[in-house]
Structures are given as C-alpha cells and as structure tokens.
*Asks:* 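Handing you a structure now.
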Amino acid sequence: MSYLSTQNYKGARDYYPEDKRVQNYIFTTWRKVVESYGYEEYITPLLESYDIYAAKTGQEIVNEQTYSFTDRGGRPVVVRPEMTPGLARMVAARRQELAYPARLYSIANYMRYERPQKGREREFWQLNVDIFGVSTIDGDVEIIAMADQLMKAFRASEKMYTIKINSRKLINAVMADYLELDIMQSQLMIKLFDRKDKMTPEEFRDQAAAIFDTDKTEVGLKHIAKLVGAKTMQELPPSLLETSAIKEVQALFTLLRERGVHNAIFDITLMRGFDYYTDIVFEVFDTHPENNRAIFGGGRYDGLISLFGVEPLPTVGMAPGATMMEEFLRAHKLLPELRPATDAYIVVLGDTLAGAQKLAKRLRDEEVNVAIDITGRKLDKQIKAAVKMKIPFLIFVGEEELKAERYTLKYTENSAEHKFGFERLVATITDHRVKDTDI
RNA sequence: GCGGAUGUAGCUCAGUAGGUUAGAGCGCUGGAUUGUGGCUCCGGAGGCCGUGGGUUCGAGACCCAUCAUUCGCCCCA
C-alpha cells in the first residue's frame, strides 16, 4: 500500500508553533497600530458570490486566478481573493446608517490561483485598512501616516524603507495633455512605466518610442526623459506644476512631514495596476539591496461601492501582506526572539504528580500559563522537552518541595536557580513575562 | 501560461570515469548519569537515491517523461 503524502497543498503553508508565533507577532503589531488610530475590526465570509468579483474590471483575472466553484445549490461562488469587494458590499448595504468617517480594518486569509514565488503564496494573510467618507487629502494623509507607523511599530528605521507616492489624476493629465497620447497608448505607457525598474534605460526608451505616433516620437521621448528624470515635483515641467492634481500632491507631502513622515518621495512611475484607484496611490518599498521591492501599498478609490447601486463614497485604503512583512523583518533582522505563551514547565520528581497538579492549578489561578510533565519519565528527558519547546522557566516539584512549600525555579536561558515560596514564584515568572514581551 | 535551477537520511550536503552491502556532519534516540538540559564518551534507529519509463551485463549517476521545490517572466485585485 502507499501512504498519504505529508506535503501540503501547493502555495499553502503549515504554521507550526514557531511559525505561528511570528505570524501572531505581525498580526498583533498591526492590530495595535490601527486600533490606536481608532479603526475597528470587521470580517466578511470566506465565500462570496461570483458576481461581485466579476463586476469589477479585469474579468480575466477573476476567471484565471480565483478558486471558484458551484455550490450544491448551483450557485457560483469564489473563495475571496481580496477583501475590497466584500467590504464594499458590507458598506454599501448600510450606506445610510454607518457613522462617518467609517474606519475599518480586518486581518484575514485569501486565496489566489497563481504560480507561487518569493513573497507570493496561493493562500496568504493580509491586513486591510480603509477609511470611508473623507474626500479631502486628509484621508490619504491618515492612511499613509499609518502605513509609516506600521513600519515603525516593527522597529524599522527610516533608512530601511521609502514611501513612494504618485497621483492617478496627475498621470492621466500627463498622458493626455503632456504626452498627447490617446487612451490605448496611455494604457500601454502606464504599463511600461510600471515595469521601468525591470529593464535597462535603453530598453525603456525603445519601448516608449514604439508607443508614440511616428511623427510625435521625438518630442515624446524628450518629454518622457524630463518626467522620469524629475526627482522632486519641482523638477517637473512647468505646465504640469499648474494642475490641481500636483497641488494636491504637494499638500499631501507637507501634511505628511507634519505628521513625522520623513521618507516619502514622489515617483511618477509608481502605478499599482490600474483597476479601481482614482487619485493618490502609494507603495512602501524595502531599501534592503537583496529585497528591493514593494512591501505593500494602497491608495484612493472613490467609485467602488456605487457598483451596488448606492451613492458613491470617497475611500482610501491599504493592504499589507504578512508574507512580505515577514521577509522585510527577516532581511533587516527585526524579528524579535519570540517565546511560546507557556510561562513554565513543571518537572515532576518521583511519585508527586498529584501534588504537582495542585500546584499547577494554583499557578493557573494566578494567570501563569503552566504545562506539567505527566509522563513519569526521567528528569533529564523532562528538562530536554521543555527546553526544546523554548519554555522560559522550569519548576521542580518533588517530595521536599511539596513538604516545605518552596519550589525550585530555574530560568532555562542562563540556568539560574532559586527556591521560592508560592508568592515569589508567581511574581518572578510574571515580572519576567512583562519585560520580555515589551521589548 | 512561459523560461532557468534543483530533487540522495528529519536538516545541510558528499557520492569520483556507470561497477558489489549508499556515506558524512548536524539532528533524533538509548546508555554512561534513579533530583537537573547544553559539554564529553559509547551504542542505536532512520534511505522504493522525488516518481514512472528507457539505455546497459550493471543506473543514485546517462536519456525521456512526470511531479515537486525554487528563482525569474506574465500578472499582481
């Protein structure tokens, strides 16, 4: 007979306790930051009707990259590949009654049928943060400032990442008025801008030239050179500096600086697909030479909930993924030493299990998380098991200890050992825990 | 969907030109050590050499296919 394979499903990951601790650390940090800005958690169902995804542009993506099936009642459904449509459905359903601005977040898993590669899995976890009902730039500022705060909450320094910002409104003006491209050409040019970092300057120039009408190529290339060469907005061609889009971007940068965001830069080649974003878009980039890529991004999408037949709502959101976040933290050595939730392991000596169980219960009543060795095996085996589980404290319980009500507490990291009465035992363990998690 | 790289013990890998019972380090496990892990010493388990086919007297090595992992392209809501 052949045995079952222990291999997990392609692109999906098992989280053993040591992996899950990392994931929990990321989730906890996210939650702490967004809740500090007054965002509240929600969740939508894992399955959605096929329609709400098909309604968005890019049906090809929906058909090829979603897990979709027909349920037993003949309804076409998809496993959510992202949060936004489900969230839009939720908000649209209570369009009139929600309190605005509505600040909402969720941490959930998603599935996309794609070829897995570095930083991309078929099942992945994301934070989604959105603010509904703010049409001014202050909404964009809040989300981007929060993105910055997320990075800082992981102890990232400003040298480790940059925040690239662009404006879809500005791009549209650039394509139509400055480069004089029609809609088809604009789309091609936007795609090309998006890929700019993946090619040599020569390749970029040649491909750009191919997009222009032949009689406009020369002028067009000159204009492109000016655009791409602009490191700040001030270096942009004067005709563009007069547009309202650019003034908005300038206001955004000023406000970000006031909020303590110092590493935001303007980047006219930043695109972020071209589905539903309508104005400001941004991306947090890793500056580490070996992980030079986008960590996450977001932007403004003002039209989405009108798909559900209700009044549109201005919306800004972002969606950091756990996979990229983890890679960033590893690349910059920012992952702290993470311990299990178990504080202590009771090593049972001789025939004292009953007494040790009583002690365990008393400790649990004091909110100490304690595991007890119930195997009756030799002492060194018990210790090894606890050390392997990375449990910080050992408590030795034998005849002597039970009689005297003084227990030997051992700190596994440095082998320090003391005899304590119950109160001191609890205090020592609890104190250590507070220090350890509050690094 | 397209292209490259890689699959030998739990992990990292070695395996010469195709030649007998497939190796190392680490890890695991038992003991030295019946109230103390890491160090040391002695023992032990663990391999359909990813899978299927082919070439050959003979394949872990060569060929084909396939699956998986991984990097990149496309795409990235």
Side-chain angles (χ1 to χ4, degrees), chain A residues 1-3 5-13 16 48 52-66 78-88 110-122 124 126 128 130 191 194-195 198-199 203 271-277 281 283 290-291 293-299 301 304 307 317-319 321 323-324 345-352 356 373 376-402 407-419:
Chain A
M1 73 172 274
S2 72
Y3 292 102
S5 169
T6 58
Q7 191 155 39
N8 40 11
Y9 175 69
K10 190 183 180 77
R13 232 183 113 177
Y16 288 86
E48 288 279 356
I52 77 164
Y53 289 96
K56 286 179 46 174
T57 51
Q59 287 85 346
E60 193 184 327
I61 289 166
V62 174
N63 289 331
E64 287 177 8
Q65 302 202 335
T66 56
V78 305
V79 178
R80 62 176 173 230
E82 59 164 330
M83 185 53 93
T84 309
L87 172 62
Y110 305 90
M111 295 197 79
R112 291 181 196 172
Y113 194 83
E114 291 184 285
R115 189 99 173 224
Q117 53 186 273
K118 195 174 165 67
R120 192 153 79 183
E121 296 161 298
R122 286 185 168 180
F124 57 97
Q126 275 189 351
N128 265 74
D130 297 271
K191 269 200 169 186
D194 200 23
R195 288 197 317 250
K198 290 182 179 174
M199 53 182 82
E203 285 171 330
M271 293 302 163
R272 288 199 59 72
F274 31 84
D275 267 35
Y276 50 49
Y277 289 112
V281 289
E283 240 167 39
E290 276 160 39
N291 196 43
R293 45 160 67 197
I295 307 166
F296 67 92
Y301 54 102
L304 199 58
L307 288 174
M318 63 175 169
T323 314
M324 291 302 301
Y345 192 84
I346 296 184
V347 175
V348 181
L349 307 164
D351 193 18
T352 57
D373 197 296
R377 62 191 153 172
K378 280 191 204 164
L379 177 54
D380 59 328
K381 304 298 172 207
Q382 298 190 35
I383 294 172
K384 274 189 181 175
V387 168
K388 199 179 225 179
M389 288 183 269
K390 295 202 167 113
I391 297 172
F393 288 104
L394 299 173
I395 301 170
F396 292 89
V397 176
E399 301 286 353
E400 269 175 52
E401 284 82 356
L402 288 175
Y407 311 94
T408 307
L409 181 69
K410 180 164 183 167
Y411 185 47
T412 53
E413 203 162 279
N414 61 8
S415 302
E417 217 174 291
H418 295 284
K419 285 219 165 190

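A, B, ... follow the sequence lines: proteins, then strands. Residue 1 opens every chain.
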*Asks:* State which of B:rG37, B:rG72, B:rG35 makes the closest approach to the side chain of A:Ile383.
*Replies:*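 Within the option list, the nearest is B:rG37.
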*Asks:* Are A:Tyr345 and A:Phe393 packed together at the side-chain level, in the sense that at least one heavy-atom pair is separated by less than 4.5 angstrom?
*Replies:*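 A:Tyr345 vs A:Phe393: side chains apart.
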*Asks:* Report the distance from atom CD of A:Glu114 to atom C1' of B:rC74, rounded to the nearest whole Å.
*Replies:*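 About 11 Å, once rounded to whole Å.
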*Asks:* Separation of A:Arg115 atom CZ from B:rA5 atom C1', in whole Å?
*Replies:*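 About 12 Å, once rounded to whole Å.
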*Asks:* Are A:Tyr277 and A:Met271 packed together at the side-chain level, in the sense that at least one heavy-atom pair is separated by less than 4.5 angstrom?
*Replies:*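 No, every pair of side-chain atoms sits at 4.5 Å or beyond.
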*Asks:* Rounded to the nearest Å, what distance is computed from the OH atom of residue A:Tyr9 to the C1' atom of nucleotide B:rA68?
*Replies:*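 After rounding, the reported distance stands at 14 Å.
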*Asks:* Could you check A:Asn8 against A:Phe396 and say which one's nearest nucleotide on RNA chain B is further toward the 5' end?
*Replies:*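 This one resolves to A:Phe396.
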*Asks:* In terms of the nearest nucleotide of RNA chain B, which residue is placed more toward the 5' end: A:Ala416 or A:Lys388?
*Replies:*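 Per heavy-atom nearest nucleotide, the more 5' residue is A:Lys388.
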*Asks:* A:Met318 has an atom CE; how far is it from atom C1' of B:rC76, in whole Å?
*Replies:*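 Result: 19 Å.
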*Asks:* Without decimals, in angstroms, what is the distance between A:Asp194 CG and B:rC73 C1'?
*Replies:*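 One finds 14 Å between C1' of B:rC73 and CG of A:Asp194, rounded.
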*Asks:* Report yes if at least one side-chain N or O of A:Arg80 is closer than 4.0 Å to OP1 or OP2 of B:rA77; otherwise report no.
*Replies:*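 For B:rA77, OP1/OP2 do not have a side-chain N/O of A:Arg80 under 4.0 Å.
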*Asks:* Could you please name the partner base of B:rA65, counting Watson-Crick and G-U wobble pairs only when both distances are under 3.5 Å?
*Replies:*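 Answer to the pairing question: B:rU51, which forms a Watson-Crick or G-U pair with B:rA65.
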*Asks:* Using a 4.0 Å heavy-atom cut-off across all strands, classify A:Glu401 as base, sugar-phosphate, or nothing.
*Replies:*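 Base contact - A:Glu401 has a heavy atom under 4.0 Å of at least one base atom.
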*Asks:* Side-chain contact, heavy-atom cut-off 4.5 Å: A:Asp130 with A:Leu87?
*Replies:*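 Yes. Closest side-chain heavy atoms under 4.5 Å.
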*Asks:* Working note: A:Phe124 + A:Arg112, criterion side chain to side chain contact (heavy atoms under 4.5 Å, CB included); need CA distance, chi angles, decisive distance, verdict.
*Replies:* CA-CA 8 Å; A:Phe124 57 97; A:Arg112 291 181 196 172; 3.5 Å; yes
*Asks:* Who is the Watson-Crick or G-U wobble partner of B:rA22, with both distances under 3.5 Å?
*Replies:*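 Across all strands, not a single nucleotide pairs with B:rA22.
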*Asks:* Can you tell me the base-pairing partner of B:rU33? Count Watson-Crick or G-U wobble geometry only, both distances below 3.5 Å, and say none if there is no partner.
*Replies:*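 Its partner: none found.
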*Asks:* For the side chain of A:Gln65, counting heavy atoms from C-beta on, which of B:rU36, B:rU69, B:rA77 is nearest?
*Replies:*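 Output: B:rA77.
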*Asks:* A:Gln117 has a side chain; which of B:rG72, B:rA77, B:rU36 sits nearest to it?
*Replies:*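 Nearest nucleotide to the side chain: B:rG72.
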*Asks:* Whole-Å distance between B:rG37 P and A:Arg377 CZ?
*Replies:*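 Answer to the nearest Å: 14 Å.
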*Asks:* Quick one: A:Glu121 CD to B:rC76 C1', roughly how many Å, whole number?
*Replies:*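 Checked: the CD to C1' distance equals 14 Å.
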*Asks:* Considering only side-chain heavy atoms of A:Lys10, which listed nucleotide, B:rC74, B:rU69, B:rA77, is closest?
*Replies:*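 Comparing B:rC74, B:rU69, B:rA77 against the side chain of A:Lys10, the answer is B:rU69.
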*Asks:* Taking atom P of B:rU36 as reference, at what distance in whole Å does atom CD1 of A:Ile391 sit?
*Replies:*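 In whole Å, B:rU36 P lies 20 Å from A:Ile391 CD1.
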*Asks:* Report the base-pairing partner of B:rA77 (Watson-Crick or G-U wobble, both distances below 3.5 angstrom), or none.
*Replies:*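 In the structure as shown, B:rA77 has no Watson-Crick or wobble partner.
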*Asks:* Taking all heavy atoms of A:Tyr276 and all of A:Tyr301, pick out the closest pair and write down the distance.
*Replies:*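 Closest heavy-atom pair between A:Tyr276 and A:Tyr301: O-CB, 3.2 Å.
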*Asks:* B:rG72 pairs with which nucleotide, Watson-Crick or G-U wobble, both distances below 3.5 Å?
*Replies:*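 Across all strands, the one nucleotide that pairs with B:rG72 is B:rC2.
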*Asks:* When both hydrogen-bonding distances must be under 3.5 Å and the geometry is Watson-Crick or G-U wobble, what is B:rA59 paired with, if anything?
*Replies:*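 Per the H-bond distance test, none.
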*Asks:* Would you say that A:Val397 contacts A:Leu402 through its side chain, given a criterion of any heavy-atom pair below 4.5 Å between the two side chains?
*Replies:*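 With C-beta onward as the side chain, the pair touches.
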*Asks:* Quick one: does A:Gln382 reach the base of B:rU36 with a side-chain donor-acceptor pair under 3.5 Å?
*Replies:*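 Looking at the base of B:rU36, it does not pair with any donor or acceptor on the side chain of A:Gln382 (distance under 3.5 Å).
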*Asks:* Could a donor-acceptor pair under 3.5 angstrom be found where the side chain of A:Lys381 meets the base of B:rG37?
*Replies:*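 For A:Lys381, whose side chain was compared with the base of B:rG37, there is no donor-acceptor pair (under 3.5 Å).
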*Asks:* Compare all side-chain heavy atoms of A:Phe396 with those of A:Leu379 and state whether any distance is below 4.5 angstrom.
*Replies:*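 A:Phe396 vs A:Leu379: side chains touch.
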*Asks:* Which nucleotide in the set B:rG72, B:rU36, B:rC74 lies at the smallest distance from any side-chain heavy atom of A:Lys118?
*Replies:*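 Among B:rG72, B:rU36, B:rC74, the one nearest the side chain of A:Lys118 is B:rG72.
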*Asks:* Which one is paired to B:rG44, where only Watson-Crick or G-U wobble pairs with both distances under 3.5 angstrom count?
*Replies:*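 Because both required distances fall under 3.5 Å, B:rG44 counts as paired with B:rC28.
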*Asks:* Does A:Lys378 contact B:rU34 through a side-chain donor or acceptor facing the base, at a distance under 3.5 Å?
*Replies:*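 Answer is no: no donor-acceptor pair is held.
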